[in-house]
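Reviewing the structure listed below.
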Amino acid sequence: MKEKELRRSLAVLPIGTVMKLTSLSARQIRYYEEQGLVIPERNEGNRRMYSLNDIDTLLEIKDYLTEGINMAGIKHIYEEKAKEEAEKKARMEQPLTDADVRRILRDEFLSVGGLKKEDQFTFRNRTL
DNA sequence: TTTCTCACA
DNA sequence: TGTGAGAA
């Protein structure tokens, strides 16, 4: 399930193809790029090269526009989506804090000992 | 031929 | 957002 994502992210389509696939004008496609909604790569000749993922987001943008959402609204949608993914990544890369480890170990002990969470388990006068 | 950037009777 | 100019 990772191979597919890599291929979908490969920028291989020139703007002309994207125009046909999305029925958007080159002007619009470039404008959406200015707004940070799509970030095509550039080839040797400074030509924009789009990936299948770019096509998808451009089609999404078209839908939002049809639904009456303006550019500002669309930008908000993608900004929040990016923010959520950033937080998710941060959580994945975030090592367990001491507090997390202690909580996990405590639950383990309570489970193995057949004790209930409601029972207090103390060690050296500290709740574990 | 296609795409790029820039600018606006 | 469209359109045209001049360059690559």
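Heavy atoms only: backbone and side chains are in, while hydrogens, waters and symmetry mates are out. Convention: sequence-line order gives letters A, B, ...; per-chain numbering from 1. From a predicted model like this one, the values you see are computed outputs, not experimental measurements.
Here A:Lys88 does not pair with A:Glu84 in a salt bridge; the nearest charged N to carboxylate O distance is not below 4.0 Å. Contact check on A:Lys81 versus A:Glu87 returns no salt bridge, with no Lys/Arg side-chain nitrogen under 4.0 Å from an Asp/Glu carboxylate oxygen.
As rounded to whole Å, 8 Å separates atom C1' of B:dC4 from atom CZ of A:Arg42. Between the P atom of C:dT1 and the CE atom of A:Met71 lies a distance of 7 Å, rounded to the nearest Å. Residue A:Glu44 contributes atom CD, which lies 14 Å from atom C1' of B:dT2 at whole-angstrom precision. Computed from coordinates, the A:Arg30 CZ to B:dC4 C1' distance equals 6 Å when rounded to whole Å. Going from atom CD of A:Glu34 over to atom P of B:dT5 covers 9 Å, rounded to whole Å.
For the residue pair A:Thr57 and A:Glu60, no side-chain donor N or O sits within less than 3.5 Å of a side-chain acceptor on the partner. No side-chain donor from either of A:Asp63 and A:Thr66 sits under 3.5 Å from a side-chain acceptor of the other. No donor-acceptor contact under 3.5 angstrom links the side chains of A:Tyr50 and A:Glu41, judged on distance only. Side-chain atoms of A:Asn46 and A:Arg42 include a donor-acceptor pair closer than 3.5 Å.
For A:Asp54 (side chain) and A:Ser51 (main-chain N/O), a donor-acceptor pair under 3.5 Å exists by modelled atom type.
Of the candidates B:dT3, C:dT1, B:dC4, C:dT1 carries the atom nearest the A:Leu65 side chain, counting heavy atoms from C-beta on. Of the candidate nucleotides B:dC4, B:dT3, C:dT1, C:dT1 has the atom lying nearest to any side-chain atom of A:Tyr31. In the set B:dT5, C:dG2, B:dT3, the nucleotide with an atom closest to the side chain of A:Gln28 is C:dG2.
Here A:Arg48 reaches the OP1 or OP2 of B:dC4: one of its side-chain N or O atoms lies under 4.0 Å away. Residue A:Tyr32 places at least one side-chain N or O closer than 4.0 Å to OP1 or OP2 of C:dT1.
In a base pair of the Watson-Crick type (N1 to N3 plus N6-O4 or O6-N4) or a G-U wobble (N1-O2 and O6-N3), with each distance short of 3.5 Å, C:dA7 is matched with B:dT3.
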Next item on the list: Mark up nucleotides 3-8 of chain C, 5' to 3', with B wherever a protein heavy atom is under 4.0 angstrom from a base atom, S wherever such an atom reaches only the sugar-phosphate, and - elsewhere.
Entry: B----B
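Across all strands, A:Gly45 comes closer than 4.0 Å to no nucleic acid atom at all (heavy-atom distances).
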